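Reading through the structure tokens given below for one structure.
As the structure is a computational prediction, the values presented were derived from the model and not from experiment. Here is the naming used below: chain letters follow the sequence lines, and residue numbers restart at 1 for every chain.
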Protein chains: 2
Amino acid sequence: MSDPGLACCTPLTGTPMSANQAEQVAPLLKALADPVRLRLVSLIAASAGGEACVCDLNDAFDLTQATISHHLKVLHSAGLLDREKRGVWVFYAVKPEALSAVANLFDTTMPVPA
Amino acid sequence: MSDPGLACCTPLTGTPMSANQAEQVAPLLKALADPVRLRLVSLIAASAGGEACVCDLNDAFDLTQATISHHLKVLHSAGLLDREKRGVWVFYAVKPEALSAVANLFDTTMPVPA
DNA sequence: GTCAGGCATCGACGACCGTCGATGTCTTCG
DNA sequence: CGAAGACATCGACGGTCGTCGATGCCTGAC
């Protein structure tokens, strides 16, 4: 390493993601990197008003209510979902800002040439 | 459950992601859901020609060469990176199709209202 | 043919993740 | 008040992940 005359590789032209930015975005992707959580976000986003209650989400999967609650907590802790208690039921809503942050990640730092 | 008269929740208006689609997309997100791999993809995408050799990537991290090789293998196995051996060195290149597939995921199935 | 270097693979270890059953908390109803 | 239902939390289990040191393979140089 550190051989100045070698230059085996192409230099970095653009501005790659910083280590700090990577550490911040990775948790969001990690929260979404699960089939169940992906479907949960999709179900909530496709619901009227961009929100859905846990009882309905629970019926959409062959999983225990405890497992669904856990996944919702992960998504909420990652800042992807908002939680609102209405009476006996709890409604989760998508946070468009968080999703657009992920979308911007692929638009800004990884531009497809053509 | 299965009480037909309850209707506690909002009905699903849009078309949520299918279980099959979620199972297909989740591995891509899981491959990207790591700070090191995120920076690897970013570094490669920011390099000239959208490709970079392992020796250069190895110098950008405080990790073992074996670890970097492992992460590159994960990204390659997920279909996000292309591998090309040139002489002694190995070059990895981003696959724009795979990245745009992820980008489409957030554009198509989760449209931000405004 | 021998040597050096770039990269992949192997085996191992600790840490984390997804799922479950059981239990707790809180709200509404009668 | 007590009962029932919706949801969260707890503790535990097996599986996967990220990282490492050691080793193997393959290429180019001498």
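At a threshold of 4.0 angstrom between heavy atoms, the contacts of Asn58(B) with the nucleic acid are absent. Heavy atoms of Leu72(A) sit nowhere under 4.0 angstrom from any nucleic acid atom. Heavy atoms of Ile68(B) sit nowhere under 4.0 angstrom from any nucleic acid atom.
Candidate nucleotides dC20(C), dA8(D), dA22(D) were compared by shortest atom distance to the side chain of Val90(A), and dA8(D) ranks first. In this structure, of dA22(D), dC7(C), dT19(C), it is dT19(C) that holds the atom nearest to the side chain of His70(A). For Val54(B), the side-chain atoms get nearest to dC7(C) when compared with the rest of dT19(C), dT9(D), dC7(C). Listed nucleotides dT9(C), dC7(D), dC20(C) differ in distance to Trp89(A); the shortest reach to its side chain belongs to dC7(D). The His71(B) side chain lies nearest to dG18(D) when the options are dA8(D), dG18(D), dG21(C). Closest to the side chain of Arg37(B), from the set dC20(C), dG18(D), dC20(D), is dG18(D). Residue Lys85(B) places its side chain closer to dC26(D) than to any other of dC7(D), dC26(D), dT9(C).
The two residues Leu105(A) and Gln21(A) make their nearest non-hydrogen contact at CD1-NE2, 4.5 Å. The minimum heavy-atom distance between Ser42(B) and Met17(A), with the atom names listed, is OG-N, 2.5 Å.
Within the 4.5 Å cutoff, the side chain of Leu28(B) has no heavy atoms near those of the Leu32(B) side chain. Counting heavy atoms from C-beta on, the side chains of Leu40(A) and Phe61(A) come closer than 4.5 Å.
You'll find a donor-acceptor pair under 3.5 Å spanning the side chain of Gln65(B) and the base of dA8(C), going by distance alone.
Atom CZ of Arg86(B) is separated from atom P of dC7(C) by 12 Å (rounded to the nearest Å). Following rounding to the nearest Å, Lys30(B) (NZ) and dG18(D) (P) show an atom-to-atom distance of 9 Å. Atom CG of Leu57(B) is separated from atom C1' of dA8(C) by 15 Å (rounded to the nearest Å). Atom CG of Leu40(A) is separated from atom C1' of dG18(C) by 13 Å (rounded to the nearest Å). Computed from coordinates, the Lys73(A) NZ to dT25(C) C1' distance equals 14 Å when rounded to whole Å. Note: CG (Asp56(A)) to P (dG5(D)) measures 18 Å, nearest angstrom. Atom CZ in Phe91(B) sits roughly 8 Å away from atom P in dC7(C) (whole-Å rounding). For the pair Leu75(B) CG and dA8(C) C1', the interatomic distance rounds to 15 Å; values are reported in whole Å.
Applying the 4.0 Å criterion to OP1 and OP2 of dG6(C), one finds that Tyr92(B) has every side-chain N and O outside that range. Contact between the side-chain N/O atoms of Ser69(A) and the OP1/OP2 oxygens of dA8(D) is found at a separation under 4.0 Å. Contact check, Thr67(B) against dG18(D): no side-chain N or O comes under 4.0 Å of OP1 or OP2. Phosphate contact (OP1/OP2 of dA8(C), side-chain N/O of Arg83(B), threshold under 4.0 Å): present.
Salt bridge present: Arg86(A) and Glu51(A) bring a charged side-chain N and a carboxylate O closer than 4.0 Å.
Side-chain N/O atoms of His76(B) and Arg83(B) include no donor and acceptor closer than 3.5 Å.
Between Gly87(A) and Val74(A), the residue whose closest nucleotide on DNA chain C is further toward the 5' end is Val74(A).
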